[in-house]
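So you know, we letter chains A, B, ... as the sequences are listed, proteins then strands, and number each from 1.
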Amino acid sequence: MAAKYIPNEIEKKWQEKWAETGLYRVTEDSPKPKYYALTMFPYTSGDLHIGHWYAMAPSDVQARFKRMQGYNVLHPMGFDAFGLNAENAAIRQGIHPYTWTMQNIENMRRQLKSIGAIYDWDREVITCLPEYYKWTQWFFLKLYEHDLAYRQKAPVNWCPSCQTVLANEQVVDGCCERCDTAVIHRDLEQWFFRITKYADELMQYEGIDWPERIKIMQRNWVGRSTGTEISFALDHPGVDEKEIRVFTTRPDTTFGVTFMVLAPEHPLVPKLTVPEKKAEVEAYIERSRRQTEIERLSTEKEKDGVFTGAYVTNRLNGEKVPIWIADYVLLSYGTGAVMAVPAHDERDFAFALKYGLPVIHVIDRTDGIAKSYAMAGTMRPGLKQSLEDANISFTETSDGGLYITLRGDDQIDNYIEMVRVHLLPGCWSEIVGSRWLFIFASEEGTTVVPFDSIEAERSILAKCKELEPNVRSRRTVMEMLWGLEFYRDMLFHTEYGTMIHSGPLTGTPGDQAISTVTKWMEQQGFGHATVSYRLRDWLISRQRYWGAPIPMIYCDKCGIVPVLEEDLPVLLPEDAEFKPTGESPLAYHEGFVNTTCPKCSSPARRETDTMDTFMCSSWYFLRYCSPHYSQAAFDPEKVKYWMPVDLYTGGAEHAVMHLLYVRFFVKALRDMGIADYNEPCVRLYNQGHIIAEQRKMSKSRGNVITPDEYVADMGVDTVRVYFMFLGPWEQGGEWDDSGISGVRRWLNRVWNLVLEEYTPRAENDGVRTELRRTTHQTIRKVTGDIERLRFNTMIAALMEFTNYLARIKEAGSVSQADWKEVVDILLLLLAPSTPHITEELWEQTGHNYSIHSQDWPQWDEALAKDEEVTLVVQVNGRLRDRITVPISITEDEAKQLALESPKSKPHIEGKQLVRAIYVPHKLVNLVVK
RNA sequence: GCCGGGGUGGCGGAACUGGCAGACGCAGCGGACUUAAAAUCCGCCGGAGUAAUCCUUGUGGGUUCGAGUCCCACCCCCGGCACCA
């Protein structure tokens with residue numbers, strides 16, 4: 001009887017031995033090809049939970065596999081150690097963020113060591129240590145030097161609970177990503193990185209293998225729109241600016257502009273506002289500033305705004321239109337000003353209706369439909385009959401009015417004639433939709449007035465009011481028409497179509513409208529084609545203590561002056577006070593704030609904000625290459641050796657934050673001549689998340705499950721395998737430990753299979769060949785699955801292989817030597833997944849240390865090839881029989897065998913064979929009638 | 001609303017380019033061993049039916065000799081974006 005498998009004993013033993021012998025130490029002088037396998041480093045929140053392990057264990061398996069395949073593998077680990085949690089803990093518990101963080105690291109490192117990964121701990125990187133953040137600051141200076149960092153006053157996202165600003169990416173549904181508090185706006189001087197400079201390049205993914213999903217998310221985030229910038233003429237007393245530019249993706253609708261809307265924070269607003277509107281405008285600005293992001297962005301919220309009293313002129317048609325302000329216009333997108341075309345934009349339409357602004361249609365409908373309402377008592381008898389004769393559809397209202405729907409120009413023209421004949425003097429009728437006109441009748445005859453401009457709107461409205469007291473309260477024609485439910489679906493549309501009511505451009509077909517208008521505007525000097533992005537520059541200032549101080553100095557004489565490189569790092573003072581005041585605790589620290597100007601040596605003040613922690617994680621993968629290098633952020637030779645990352649794994653929640661920032665960062669370094677690659681990582685893979693109680697695990701939700709007890713109970717090898725076996729790695733899922741015992745049982749069976757004595761009893765050449773085939777098929781399957789990160793099926797294949805070997809052993813059907821060989825292969829295939837048990841078994845079966853330095857088994861395609869296959873016999877597509885045939889069988893032979901198959905015979909007899917389909921190695925389908 | 005991803009036994013999941021649906025494991029059931037239990041091992045395990053056989057991959061259609069896989073419509077779940085002019 002072999003000794004029992006007691007995981008904890010052998011796991012401890014081997015982890016110690018690996019550490020002693022430096023088995024996983026990595027150097028750059030290896031003759032092997034390099035492979036950089038990177039896993040996102042954890043944030044130092046305290047405990048690692050099984051979610052972390054779910055990310056780390058399988059990536060270690062892949063890295064170990066690459067190592068056995070003959071690569072020099074760098075698979076490092078470190079800690080993302082700056083950030084708000086530490087500071088909040090400091091405020092709550094009175095413990096210094098440094099102490100809190102280092103204690104957490106201590107614990108996390110212990111947990112990480114127990115995972116049995118190949119991390120080379122000599123390369124550990126901790127972002128909150130001065131030896132690291134010195135270089136974070138250095139990168140800031142480089143970005144500043146290359147005009148990629150700038151300071152600007154802007155309305156920024158402010159989290160009242162975290163007491164700091166947030167990057168755009170950190171605002172989720174108008175709330176703080178970290179604490180869910182509603183975000184408000186503040187005007188602050190902040191530091192930004194010019195990520196928008198790389199907007200276009202960030203949408204390109206040439207030469208890299210990234211998940212389609214992430215690429216789509218990033219492209220949407222960058223949000224490139226092609227459009228036109230159009231200049232509207234401004235002539236306002238006391239204002240120097242002679243134009244206001246707007247960005248639009250619909251220049252084809254410019255003839256339909258009936259007002260303009262500026263963002264409330266737009267710098268022109270105070271200058272343009274006329275004295276009598278001043279109070280109202282200021283109140284509105286104040287209100288929108290106080291609103292939270294959710295309130296302001298709520299799509300349910302009714303659009304509101306205020307008139308400034310000023311006007312611009314639409315150069316295309318000379319129309320003078322009012323300037324409004326409204327908070328649905330964002331200062332940070334486009335030019336912060338929009339031309340409003342209520343006829344073809346839903347928001348503008350709602351706004352126009354609310355404030356009685358005119359609506360003029362300038363794009364034709366594509367369906368050719370128009371509507372008209374013949375009110376009871378406005379028509380001579382006989383209209384109904386005429387409509388019927390002309391095949392025009394209508395419905396009659398209870399009071400005898402008619403709702404008429406016209407399809408196509410012929411019906412519309414026909415109908416106009418009918419109205420001219422039937423309309424009673426002193427009445428009017430209108431046609432809306434595919435045609436816009438009003439027909440007025442008087443004793444002298446009928447007049448057809450097209451509704452095609454703001455002037456027409458005025459005169460039509462005046463005429464209607466004169467004729468009909470009921471409409472006298474209406475401010476616009478559109479408001480009048482909106483009153484009739486029947487018309488509503490005609491009153492606005494966003495389709496592309498032929499231009500109408502557009503002066504010289506009327507008639508331009510929809511598919512050319514945008515390019516024609518843009519060209520024409522360019523010729524006239526009214527505007528030009530341009531591109532706008534949803535992406536904003538990356539706001540990196542944080543009003544908190546626990547981050548890398550921004551290395552900048554403000555001097556009264558010299559202005560903004562960067563800290564000299566030789567003065568780095570700008571150290572965090574240890575004795576700051578942690579009170580959430582809305583300003584960085586550093587601002588209250590006299591010793592920190594007061595300094596001298598590096599240029600003129602006069603007294604100066606330090607920048608007291610610290611950097612967003614995403615800045616720290618934007619370059620940690622470079623630091624791993626030479627973690628203790630003191631002359632620079634990294635040793636260029638070593639970075640040249642390791643970069644770019646070959647496989648980067650981590651959660652998809654970083655799609656538009658970390659994963660966008662690192663790409664920006666690397667591109668910026670490349671343009672500075674510091675990097676010679678375009679992308680940080682060649683292949684990206686996002687594993688899913690382990691959730692508990694339907695939610696992501698987090699300390700604050702109190703649903704954290706740690707791996708420690710499972711490790712103590714089952715051994716880490718079991719835990720590693722169980723994570724892989726749960727399901728597809730990219731899928732994640734609800735944590736359920738009910739299956740873990742199955743894995744434990746399996747490893748136990750492996751243990752006994754390898755250690756309990758093998759006795760050949762009934763050696764059999766056929767079985768020997770079959771064993772070899774199965775072995776090579778398993779090597780092929782396992783290799784392919786790890787390569788594609790399909791760990792769940794890899795484990796299933798190994799379990800199957802084990803079950804198969806157990807049967808062989810039971811029967812004793814191969815020689816001692818054959819058995820030994822196949823057991824070795826089993827152990828090698830298992831080694832990346834279960835490094836401890838395989839190391840132990842490797843030793844116990846008489847091999848030299850270490851199994852992890854062995855070569856990955858190779859398969860031989862010829863040996864893996866099946867000699868026989870099972871052919872499925874179908875009759876009319878239904879399974880009737882299975883027959884085992886040699887792989888070399890010909891089509892005719894196969895069909896013959898199928899026809900003779902006893903099980904399918906009854907289904908064929910008495911019927912006529914129409915067709916026989918043969919799929920080699922798969923099936924024969926007999927089609928009978 | 002828009003853009004992704006996904007609905008397969010009691011459960012997690014498998015199924016390569018359209019070709020045996022349910023691999024592997026959990027749970028369950030039956031058996032062996034045991035005084036007993038645990039552990040271990042063996043067998044069964046989608047549903048209906050004595051059986052032949054039929055039904056079954058969210059729903060409804062379609063293409064095909066053949067559909068979990070392809071096409072159309074719809075329902076549900078998850079993720080992202082959401083006044084971006």
Side-chain angles (χ1 to χ4, degrees), chain A residues 4 172-174 211-221 223-225 227-228 246-250 253 261 263 296-301 303 326-330 332-341 344-348 350-351 532-536 652-653 655-656 688-689 691 694 721-722 725-728 730-734 736-743 745-746 748-749 752 781 784 790 792-803 806 810 870-882 906 914-928:
Chain A
K4 264 187 82 178
V172 178
D173 293 332
E212 213 48 48
R213 186 165 56 112
I214 299 293
K215 295 197 268 188
I216 290 167
M217 277 163 78
Q218 292 199 341
R219 285 200 185 106
N220 289 344
W221 191 261
R224 185 191 148 100
S225 313
T228 309
V246 301
F247 173 77
T248 180
T249 54
R250 292 300 301 270
T253 64
V261 189
R296 178 166 172 174
L297 293 186
S298 164
T299 353
E300 274 95 80
K301 191 192 108 180
K303 314 259 166 293
D327 60 12
Y328 75 87
V329 175
L330 309 171
S332 49
Y333 185 77
T335 61
V338 302
M339 60 179 216
V341 185
H344 304 293
D345 181 281
E346 197 177 355
R347 295 157 299 176
D348 296 345
F351 198 85
S532 208
Y533 299 90
R534 215 193 70 113
L535 182 73
R536 312 290 149 83
E653 71 276 17
V656 296
H689 284 288
I691 54 171
Q694 323 278 327
V721 170
Y722 188 54
F725 192 56
L726 275 174
E730 81 257 277
Q731 200 176 292
E734 182 77 21
D736 171 12
D737 60 12
S738 63
I740 196 166
S741 54
V743 174
R745 283 203 279 261
W746 172 53
N748 216 32
R749 284 203 302 278
N752 294 330
K781 168 79 176 155
R790 307 267 300 254
N792 56 330
T793 49
M794 184 254 314
I795 297 296
L798 285 171
M799 286 176 169
E800 234 172 313
F801 189 50
T802 314
N803 294 344
E810 179 77 24
T870 303
L871 274 192
V872 164
V873 181
Q874 294 183 341
V875 178
N876 287 343
R878 305 195 75 109
L879 175 74
R880 294 303 173 192
D881 200 4
R882 300 186 172 104
V914 188
R915 241 174 114 180
I917 285 135
Y918 173 65
V919 183
H921 310 162
K922 297 272 188 211
L923 57 60
V924 178
N925 186 12
L926 304 169
V927 185
V928 298

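Close to A14(B), at under 4.0 Å from its OP1 or OP2, lies a side-chain N or O of N792(A).
Of the residues near RNA chain B, A337(A) and V743(A), the one whose nearest nucleotide (by heavy atom distance) lies more toward the 5' end is V743(A). Each of G877(A) and G727(A) was assigned the nucleotide of RNA chain B with the nearest heavy atom; the assignment lying further toward the 5' end belongs to G727(A).
Taken from CE in M339(A) to CZ in R250(A), the straight-line distance is 9.0 Å, to the nearest 0.5 Å. Here CH2 of W746(A) is found 5.0 Å from CG of L798(A). Values are rounded to the nearest 0.5 Å. One finds the CG atom of N925(A) at 11.0 Å from the CZ atom of R880(A) (value rounded to the nearest 0.5 Å). To the nearest 0.5 Å, the span separating CG on L535(A) from CZ on R224(A) amounts to 13.0 Å. A distance of 9.5 Å separates CD1 of I795(A) from OG1 of T802(A), quoted to the nearest 0.5 Å.
Residue contacts shown for Q731(A) are limited to sugar-phosphate atoms, with no base heavy atom under 4.0 Å away. Nucleic acid contact class of D345(A) (heavy atoms, under 4.0 Å, all strands): none. If you check every strand for non-hydrogen atoms under 4.0 Å, P906(A) touches nothing. Heavy atoms of D348(A) sit nowhere under 4.0 angstrom from any nucleic acid atom. Across all strands shown, S225(A) has heavy atoms under 4.0 Å from sugar-phosphate atoms exclusively, and none from any base. Contact annotation for L726(A): backbone-only contact, meaning every heavy-atom pair under 4.0 Å involves sugar-phosphate atoms and none involves a base.
Residues F247(A) and S225(A) approach most closely at CZ-O, 3.7 Å, considering heavy atoms. In plain terms, the two heavy atoms of R534(A) and N220(A) that are nearest each other are NE-O, 3.6 Å. Across every non-hydrogen atom of V928(A) and N876(A), the tightest pair is N-OD1, 2.9 Å. Counting all heavy atoms, side chain and backbone alike, D736(A) lies closest to L726(A) at O-CD2, 4.3 Å. Nearest heavy atom pair, residue P728(A) against residue N792(A), reads N-ND2, 3.4 Å. Minimum heavy-atom separation, L871(A) to H921(A): CD2-C, 3.8 Å.
Within a 6.0 Å radius of CD in E346(A), other residues, nucleotides and ligands contribute 12 heavy atoms or fewer.
Summarising the geometry, the separation between CG on D881(A) and C1' on C20(B) is reported as 11 Å, rounded to the nearest angstrom. Note: CG (D737(A)) to P (G25(B)) measures 19 Å, nearest angstrom. Per the geometry, CD belonging to Q218(A) stands 17 Å off P belonging to G4(B), to the nearest Å. The separation between N752(A) atom CG and A39(B) atom P is 15 Å, rounded to whole Å. One can place CZ of F725(A) at 12 Å from P of A27(B), the figure rounded to the nearest angstrom. For the pair K303(A) NZ and C84(B) P, the computed distance is 9 Å after rounding to whole Å. Here A82(B) presents its C1' atom at 11 Å from CZ of R347(A), a figure rounded to the nearest Å. If you take CZ of F351(A) and P of A85(B), they are 18 Å apart, rounded to a whole angstrom.
Inter-residue side-chain proximity for F725(A) and M799(A) is flagged as met; some heavy-atom pair is nearer than 4.5 Å. Residues I917(A) and Q874(A) have side chains not in contact (no heavy-atom distance under 4.5 Å, counting atoms from C-beta outward). With contacts defined as side-chain heavy-atom distances shorter than 4.5 Å, the pair Y328(A)/L330(A) does not qualify. The closest side-chain heavy-atom distance from L923(A) to V873(A) is not below 4.5 Å. K303(A) has its side chain out of reach of D348(A): every pair of non-hydrogen atoms, C-beta onward, lies at least 4.5 Å apart.
Straight-line distance between the C1' atoms of G13(B) and A27(B): roughly 14 Å, to the nearest whole Å. Comparing U63(B) with C72(B), their C1' atoms are spaced 11 Å from each other, to the whole Å. Here, C65(B) and U59(B) have their C1' atoms 26 Å apart, quoted to the whole Å. On the C1' atoms, A38(B) is 12 Å away from C33(B), given to the nearest whole Å. Rounded to a whole angstrom, the distance from the P atom of G66(B) to that of G9(B) is 25 Å. Between G79(B) and C45(B), the two C1' atoms lie 36 Å apart (nearest whole Å). G7(B) and U57(B) are spaced 14 Å apart, taking the P atom of each and rounding to whole Å. For the P atoms, the distance linking A85(B) with C76(B) amounts to 29 Å, nearest Å.
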Expected output check: what is the dot-bracket annotation of RNA chain B, where ( ) and [ ] are pairs inside the strand (brackets for crossing ones), | is paired with another strand, and pairs are Watson-Crick or G-U under 3.5 Å?
(((((((..(((......[....))).(((((.......))))).(((....)))..(((((..]....))))))))))))....
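Relative to the side chain of E800(A), the nucleotides G13(B), C84(B), A23(B) differ in distance, and A23(B) lies closest. Listed candidates were C84(B), C26(B), G25(B). Nearest to the side chain of S738(A) is C26(B). When distances are taken from the side chain of V927(A) to each of A85(B), G12(B), C65(B), the shortest belongs to C65(B). For I216(A), whose side chain is taken as the heavy atoms from C-beta onward, the closest listed nucleotide among C3(B), A23(B), G25(B) is C3(B).
Every residue two or more places apart in sequence or in another chain that forms a side-chain contact (heavy atoms from CB on, under 4.5 Å) with E212(A) is listed here: K215(A), I216(A), R219(A).
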Enumerate all atom pairs, one protein N or O and one N or O from nucleotides 51-54 of chain B, separated by less than 3.5 Å.
{"unit_1": "C54(B)", "atom_1": "OP1", "unit_2": "R880(A)", "atom_2": "NH2", "d": "3.3"}
{"unit_1": "C54(B)", "atom_1": "OP2", "unit_2": "R880(A)", "atom_2": "NH1", "d": "3.4"}

What pairs of nitrogen or oxygen atoms, one from the protein and one from nucleotides 15-18 of chain B, lie under 3.5 Å apart?
{"unit_1": "A15(B)", "atom_1": "OP1", "unit_2": "R790(A)", "atom_2": "NH2", "d": "2.8"}
{"unit_1": "C16(B)", "atom_1": "N3", "unit_2": "K922(A)", "atom_2": "NZ", "d": "3.4"}
{"unit_1": "C16(B)", "atom_1": "N4", "unit_2": "K922(A)", "atom_2": "NZ", "d": "2.7"}

Check the interface with nucleotides 77-81 of chain B: list each N/O to N/O pair with the protein under 3.5 Å, or write none.
{"unit_1": "C81(B)", "atom_1": "O3'", "unit_2": "R534(A)", "atom_2": "NH1", "d": "2.9"}

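Remark: the R882(A) side chain and the C20(B) base include a donor-acceptor N/O pair separated by less than 3.5 Å.
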Within the 4.0 Å limit for protein heavy atoms, which parts of nucleotides 40-47 of chain B are touched? Write it as a string from 5' to 3', B for base, S for sugar-phosphate only, - for none.
SS------
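Nucleotide G9(B) carries a syn base; the chi torsion (O4'-C1'-N9-C4 or O4'-C1'-N1-C2) is within 90° of 0.
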